[in-house]
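What follows is a set of notes on a single structure, which appears directly below.
What you see is a predicted model, and the numbers here were worked out from it, not measured in a lab. Labels below follow one simple rule: chain letters A, B, ... track the order of the sequence lines, proteins then strands, and each chain is numbered from 1.
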There are 2 protein chains.
Amino acid sequence: MRRRAGRPPRNSQAKRMPGRVYIVDDDASVGTSLARLMRSAGFEPEAFASGEEYLKAADGHGGPACLILDVRMEGLSGLELQKHLVKSRMTCPIIFLTGHGDVPMSVQAMKEGAFDFFTKPVDDKELLESVSSALETHERILSGTDCPFRDRLGALTAREFEVMRCVLGGALNKQIAAHLGIAEKTVKVHRGRVMHKLGVESVAELVRQSIEAGVEPSEV
Amino acid sequence: MRRRAGRPPRNSQAKRMPGRVYIVDDDASVGTSLARLMRSAGFEPEAFASGEEYLKAADGHGGPACLILDVRMEGLSGLELQKHLVKSRMTCPIIFLTGHGDVPMSVQAMKEGAFDFFTKPVDDKELLESVSSALETHERILSGTDCPFRDRLGALTAREFEVMRCVLGGALNKQIAAHLGIAEKTVKVHRGRVMHKLGVESVAELVRQSIEAGVEPSEV
DNA sequence: CCCCCGCTAGGACCAAGGTCCCATATCAAT
DNA sequence: ATTGATATGGGACCTTGGTCCTAGCGGGGG
């Protein structure tokens, strides 16, 4: 039961979100100038002077965001902060920006899943492009691959959804019927509507799309 | 048609494979010394003098493998070769080793999914560790974290496999039959055997497992 | 109060999937 | 030459899936 309670946010992303950019750099002048750059490009910057400060103030935020981290900092280093965030399942992309970068350092950061890695001096345009791309990526992560299938799921009635989950579980119509305490005939009706509403033509396709959309199958 | 032509390595991984290490470097002396190093560590090296040569001779191999690529080479560069391999859905990890590496280059390689990136001179121990780790990773990829489904795939005949891919694509038996130029009856036979050999009871299950095992569906 | 929507379901059919048994043909290995 | 694995299908038969059309029932909103 539940899921799609009330209103599946039908038209999310009505307008393009600007996107939050967290900046963590212990050099205040760098922080402010980066913030200025980001603001001028239409993003919402927020600067922190250390990893600890960021962690304390981190609000989770709702929409798409990304981090710009310095590697060398007093206290928590950028790489340490990254490890910490990765462990706590942070999904938002991290872009490194450092004055003293070398290949092994960049490789390590990338292995940990960094989105990008720049050395100063950095080309503003390149950095902005990377930030923009990072925000897009995060948006996609947040909204689960924006597939039209997901929206169509919202068109299903509760009963249809239940039947669909049983189908995803590989159940026969008669099993679904028994499971739901209804006639096999009715299951067929629901099932047909599910296929039609979701715009799929085969169970194989249904399963694929559902996996992508994160729909859990139902045991029968 | 293609893909695992001929022989699906029937009894892969009977005994612990040491792991194949493909070396692509246009400096012959580097290639042979790397090969020697790998052999001494118990791996099975195979050296190529260019990306083109590697592509021509690539045999697919059965077991776990990895690549050691130079970045700068005559003809196809390491990064280009990597892109090409990624596009063709190569799963085996790529380790870069280059004399003239810089941060942007390493970042690009890592973004494309490189397993590691070293600059010469490289510490033998580090390189060997990376290779060993890459082989382990590849083995895990190949065997899809011990799912029995993957092993069972090896029990399918070429024809059965083709039919299965069509089923994964959501095709009807008659469409599969037309596609393969055989009778619908025969498709049913193959299909039945596929389900039986793979130990699944529904198309839904088949699709799920196949996705996990990385089997590509076939358009019909 | 009535209508629409969702849930239910029967009848009638037809297409598709699946399984037995059996049979032929090819190819490679013994 | 014989055997085994593979691919191919015919016949028969049953189960499932899917779609028409029709229709009763209950709830919420105009």
Side-chain angles (χ1 to χ4, degrees), chain A residues 1-8 10 152-207 210 217-218 220, chain B residues 1-11 152-207 210 217-218 220:
Chain A
M1 242 78 231
R2 241 29 357 154
R3 138 158 301 214
R4 54 182 253 78
R7 208 75 353 235
R10 203 55 58 94
R152 293 180 185 163
L153 277 179
L156 296 184
T157 68
R159 205 52 157 170
E160 285 161 358
F161 194 79
E162 282 186 280
V163 170
M164 180 186 76
R165 295 203 325 145
C166 292
V167 172
L168 296 180
L172 299 179
N173 285 345
K174 59 163 58 173
Q175 296 175 311
I176 301 174
H179 180 63
L180 299 179
I182 58 180
E184 185 181 340
K185 188 63 225 300
T186 311
V187 173
K188 289 185 179 183
V189 174
H190 288 314
R191 187 168 173 161
R193 277 203 267 269
V194 166
M195 301 297 280
H196 183 257
K197 283 187 179 177
L198 297 183
V200 293
E201 309 232 298
S202 65
V203 175
E205 202 182 337
L206 177 69
V207 174
S210 299
S218 167
V220 179
Chain B
M1 282 33 322
R2 99 282 48 262
R3 140 156 294 194
R4 56 191 292 300
R7 208 82 349 245
R10 206 49 59 99
N11 56 346
R152 293 177 187 165
L153 276 180
L156 296 183
T157 67
R159 205 53 157 169
E160 285 161 359
F161 194 78
E162 282 184 281
V163 170
M164 181 186 75
R165 292 187 43 216
C166 293
V167 172
L168 295 180
L172 299 180
N173 285 346
K174 61 163 57 173
Q175 296 175 313
I176 301 174
H179 180 63
L180 299 180
I182 57 180
E184 185 179 341
K185 186 61 224 301
T186 310
V187 174
K188 289 185 179 182
V189 174
H190 288 315
R191 188 168 173 160
R193 277 204 267 268
V194 166
M195 301 297 279
H196 182 257
K197 284 186 177 178
L198 297 183
V200 294
E201 309 231 299
S202 64
V203 174
E205 203 183 336
L206 177 69
V207 173
S210 299
S218 166
V220 178

Query raised in the report: For the residue pair B/Val163 and B/Leu180, what are the closest heavy atoms and their distance?
Result: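 Distance-wise, the nearest heavy atoms are CG2-CD1, 3.8 Å.
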
Query raised in the report: Where the side chain of B/Lys188 is concerned, which of D/dA7, C/dG18, D/dG17 is the nearest nucleotide?
Result: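 Among the listed nucleotides, the one closest to the side chain of B/Lys188 is C/dG18.
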
**Report entry** Side-chain heavy atoms of B/Arg159 within contact of B/Thr186, under 4.5 Å
**Finding:**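 Not touching, per the 4.5 Å side-chain cut-off.
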
Query raised in the report: Is the side chain of B/Glu205 donor-acceptor paired with the backbone N or O of B/Glu201 at a distance under 3.5 Å, no angle test?
Result: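 Judged by distance alone, yes, a pair lies under 3.5 Å.
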
Specify the separation, in whole Å, of atom [atom1] of [X] and atom [atom2] of [N].
X        : N      : atom1 : atom2 : value
B/Arg191 : D/dT16 : CZ    : C1'   : 12 Å
A/Glu201 : D/dT19 : CD    : C1'   : 15 Å
B/Glu162 : D/dA7  : CD    : P     : 9 Å
A/Leu156 : C/dG6  : CG    : P     : 11 Å
A/Arg193 : C/dC7  : CZ    : C1'   : 8 Å

Query raised in the report: Could you give the distance from OG (B/Ser218) to CD (B/Glu162), rounded to the nearest 0.5 Å?
Result: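 These two atoms lie 8.0 Å from each other.
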
Query raised in the report: Roughly how far apart are B/Leu153 CG and B/Ser210 OG, rounded to 0.5 Å?
Result: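 It is 6.5 Å, given to the nearest 0.5 Å.
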
Throw together a table of side-chain donor-acceptor distances under 3.5 angstrom for residues 187-200 of chain A, partners on residues two or more places apart or in other chains.
| unit_1 | atom_1 | unit_2 | atom_2 | d |
| --- | --- | --- | --- | --- |
| A/Arg191 | NH1 | A/Asn173 | OD1 | 2.6 |
| A/Arg193 | NE | A/Glu160 | OE2 | 3.4 |
| A/Lys197 | NZ | A/Ala155 | O | 3.1 |
| A/Lys197 | NZ | A/Glu160 | OE1 | 2.9 |
| A/Lys197 | NZ | A/Glu160 | OE2 | 3.4 |

Requested in this report: Check each residue of residues 167-187 of chain A for a non-hydrogen atom within less than 4.0 Å of any atom in DNA chain D, then write out the ones that pass by number, or none.
Outcome: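 Nucleic-acid contacts, sorted: A/Leu172, A/Asn173, A/Lys174, A/Lys185.
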
Requested in this report: Using only side-chain N and O atoms of B/His190, determine if any of them is under 4.0 Å from OP1 or OP2 of D/dG9.
Outcome: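 Result: no.
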
Report task. Using only side-chain N and O atoms of A/Thr157, determine if any of them is under 4.0 Å from OP1 or OP2 of C/dC5. Result ->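 So the side-chain polar atoms of A/Thr157 never come under 4.0 Å of the phosphate oxygens OP1 or OP2 of C/dC5.
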
